[in-house]
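Below you'll find the structure, written out as structure tokens, and then a few comments.
As the structure lists them, so they are numbered: ligands from 1, and atoms in each ligand from 1. For the numbers below, each heavy atom of this structure counts, side chains included, while hydrogens, waters and symmetry mates do not. Sequential numbering from 1 along the given sequence is applied to the chain's residues.
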Amino acid sequence: MSETSQTTDQTKPERPLGTVAIRWRGDRLELLDQRLLPGEERWLALDTATGVADSIRDMVVRGAPAIGISAAYGVVLAALKASEVSWREDLDGAIAELADSRPTAVNLFWALNRMQQVLGECGSLEQARQQLAAAAEQIHAEDLAANLAMADHAMSVMDEDQPFSVLTHCNTGALATGGYGTALGVIRRLHETGRLQRVYADETRPWLQGSRLTAWELERDNIPVTLNADGAAAWIMAGGDVKWVIVGADRITANGDVANKIGTYSLAVLARHHGVRFMVVAPSSTVDMALASGEAIPIEEREGTEVRQVRSEVLAPEKVAVFNPVFDVTPASLIDVIVTERGAIAQPDPAAMLRMFG
Ligand code: MRU
């Protein structure tokens with residue numbers, strides 16, 4: 001992997017779509033290195049599937065949809081490097097390597113399955129190169145379109161007649177997707193339509209996606225954001241101006257259970273206690289109808305250093321045992337509504353999930 005320009009490439013479409021974090025250049029994938037934000041904006045240029053798999057594992061790129069999109073481009077890079085003699089085996093190997101990068105976000109496996117299907121229909125390496133590139137670009141474009149559609153659906157679910165505040169967790173914005181964002185896309189739309197008072201952003205220990213990414217992304221787009229320690233969420237809800245908790249998802253199972261960033265489950269419990277409504281926003285690529293319930297979702301555990309340290313600063317006894325699951329599962333019974341690009345499901349249950357995703 002190599003480093004490229006130090007500034008981000010901002011497109012200026014009619015509706016601002018947020019900070020671009022994934023750029024496809026035809027022969028390489030450029031990723032905005034999210035490990036360094038907000039201090040430094042550095043792009044990494046990748047020209048191998050291994051580089052992409054490493055970047056997903058190391059959190060250069062993160063967020064379920066962004067992981068899927070990047071992996072799809074990783075398969076294209078593998079096709080560009082594949083040998084005329086063994087291209088099918090080379091590509092199968094690259095897909096397996098990409099699938100091994102992170103376990104929880106089903107968008108990764110969804111995107112790789114889609115690429116595998118395209119591959120299965122190709123008769124030559126040249127054809128595979130063309131068809132896989134087209135498929136990856138389509139996955140990327142569809143994700144942005146899904147985010148815009150989800151914001152439309154969410155607006156009709158929220159019936160408040162006065163501007164209100166919301167609370168969010170982790171980062172679900174343009175940085176985590178093909179643009180605009182899932183939960184953060186809904187929040188953007190509330191702001192665009194004058195319905196948003198303020199976003200409370202949980203800092204999201206231990207990786208600090210909320211403080212490092214969400215607060216940065218929202219400030220850049222002039223959306224009023226207040227950063228809070230995760231432990232302040234109950235007290236904020238008790239204050240009364242937060243009407244909705246709005247979060248993304250890494251995997252939604254057939255009964256409506258939702259895996260998302262660690263701390264999401266606590267927020268759902270708190271929201272129910274305080275009469276605050278709880279919305280999950282995710283594209284249908286996050287839905288895994290093959291799993292009956294959240295118990296079956298593989299939950300990634302990462303290194304203890306992420307909890308003992310903030311970057312290189314050591315904040316705990318060097319060898320203290322750490323439990324660091326980076327996702328949790330919120331039961332469907334605590335969720336008021338799941339919004340995907342296909343529509344909204346209120347009080348999700350197996351029957352409603354089946355009607356929409358069966
Ligand atoms: O570990 P991360 O940063 O990849 O976790 C991201 C989340 O949990 C997001 O909430 C989720 O992927 C949705 S992003 C639109």
* If every non-hydrogen atom of T19 is compared with every non-hydrogen atom of A174, which pair is closest and at what distance? -> O-CB, 3.4 Å

* Structure fact -> Heavy-atom nearest pair, M356 first then R342, reads O-NH1, 3.2 Å

* Transitively linked via ILVMFWY side-chain contacts under 4.5 Å: V166 with L334? -> no

* To do: Determine which pairs satisfy side-chain hydrogen bond (donor to acceptor under 3.5 Å, both in side chains) with at least one residue from residues 74-89, sequence neighbours left out, and list them in order.
  =>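 For residues 74-89: S83-S86, S86-D90.
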
Is there any protein N/O under 3.5 Å from an N/O of ligand 1, and what does the full list of such pairs look like?
from	atom 1	to	atom 2	distance (Å)
ligand 1	1 (O)	R102	NH1	3.4
ligand 1	1 (O)	R102	NH2	2.8
ligand 1	1 (O)	K261	NZ	2.7
ligand 1	3 (O)	R62	NE	2.9
ligand 1	3 (O)	R62	NH2	3.3
ligand 1	3 (O)	Q209	NE2	2.8
ligand 1	4 (O)	G63	N	2.9
ligand 1	4 (O)	R102	NH1	2.9
ligand 1	8 (O)	D250	OD1	2.8
ligand 1	8 (O)	N260	OD1	3.2
ligand 1	8 (O)	K261	N	3.3
ligand 1	10 (O)	N260	OD1	2.6
ligand 1	12 (O)	A64	N	2.8
ligand 1	12 (O)	D250	OD1	3.1
ligand 1	12 (O)	D250	OD2	3.1

* Measuring from R28:CZ to D47:CG, what's the distance to the nearest 0.5 Å? ->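 Reported to 0.5 Å precision, the distance equals 9.5 Å.
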
* Would you call the rings of W24 and Y73 parallel, tilted or perpendicular, where under 30° means parallel and over 60° means perpendicular? ->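 Parallel, since the angle between the ring planes stays under 30°.
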
